[in-house]
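Working notes for the structure below.
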Amino acid sequence: MLRPDLDWSAGGGLFYWTVDFLADRLSDPEAAAYLREISRENLGSLWLAELPPGARAQAVELLRDQLVPAGDRDLPGGEGKAAVLDRLRELAEMAGRLG
């Protein structure tokens, strides 16, 4: 959940890949640990508002600017990759609306 009126939904694998993507890149160690816990425990949701303001701003930048290129580079190829990248683009565009 980016904000109450801006929600992105994805299947488990893509959701957890996205959470891990953020955890691996956030400079705030506590926020990164929180995200890793979400992934490790299969908690299934993330509200960006739960992150400290600095980590939240960084997460928005990462989603907006680096998510799609990372997905294109790191996710396995195949028949469904274009659809997966479209889902990531949707999230990146939502993040772009935030700043």
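Note that this is a predicted model, so its numbers are computed, not measured.
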Next on the checklist: Taking side chain to side chain contact (heavy atoms under 4.5 Å, CB included) as the definition, give me every residue that meets it alongside L6, ordered by chain and number, with sequence neighbours left out.
Outcome noted: L2, R3, M94, R97, L98
Next on the checklist: Restricting to side chain to side chain contact (heavy atoms under 4.5 Å, CB included), what partner residues turn up for E30, sequence neighbours left out?
Outcome noted: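 Partners of E30 under the side chain to side chain contact (heavy atoms under 4.5 Å, CB included) test: D28.
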Item to check | Separation between CD1 of I38 and CZ of F15, rounded to the nearest 0.5 Å | outcome: 6.0 Å
Item to check | Within residues 16-51 or reaching into it, pairs that qualify as ring-ring contact (aromatic ring centres under 6.0 Å, His included) - sequence neighbours excluded | outcome: W17-F21
Checklist outcome for this item: The complete set of salt bridge (Lys or Arg N to Asp or Glu O under 4.0 Å) pairs with one or both residues in residues 45-63, sequence neighbours excluded, reads none
Results of side chain to side chain donor-acceptor pair (under 3.5 Å) for [X] - residues two or more places apart only:
X	value
R89	D86
N42	none
D20	S39

Not counting sequence neighbours, which residues clear salt bridge (Lys or Arg N to Asp or Glu O under 4.0 Å) with [X]? List them please.
X	answer
E93	none
D65	none
R25	none

What's the shortest heavy-atom distance between [X] and [Y], and which atoms?
X	Y	result
A59	L51	CB-CD1, 4.2 Å
L63	A95	CB-CB, 3.7 Å
A55	A31	CB-CB, 3.6 Å

Item to check | Stepwise side chain to side chain contact (heavy atoms under 4.5 Å, CB included) check, L88 with L14 | outcome: CA-CA 9 Å; L88 294 178; L14 185 57; 3.7 Å; yes
Item to check | L43 with L35, same ILVMFWY side-chain cluster at under 4.5 Å | outcome: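 L43 and L35: one cluster.
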Is the shortest side-chain heavy-atom distance between [X] and [Y] below 4.5 Å?
X	Y	answer
L62	L67	no
L22	V19	no
S27	Q58	yes

Show me the side-chain donor-acceptor pairs of residues 72-80 shorter than 3.5 Å, one per line, residues at least two apart or across chains.
none

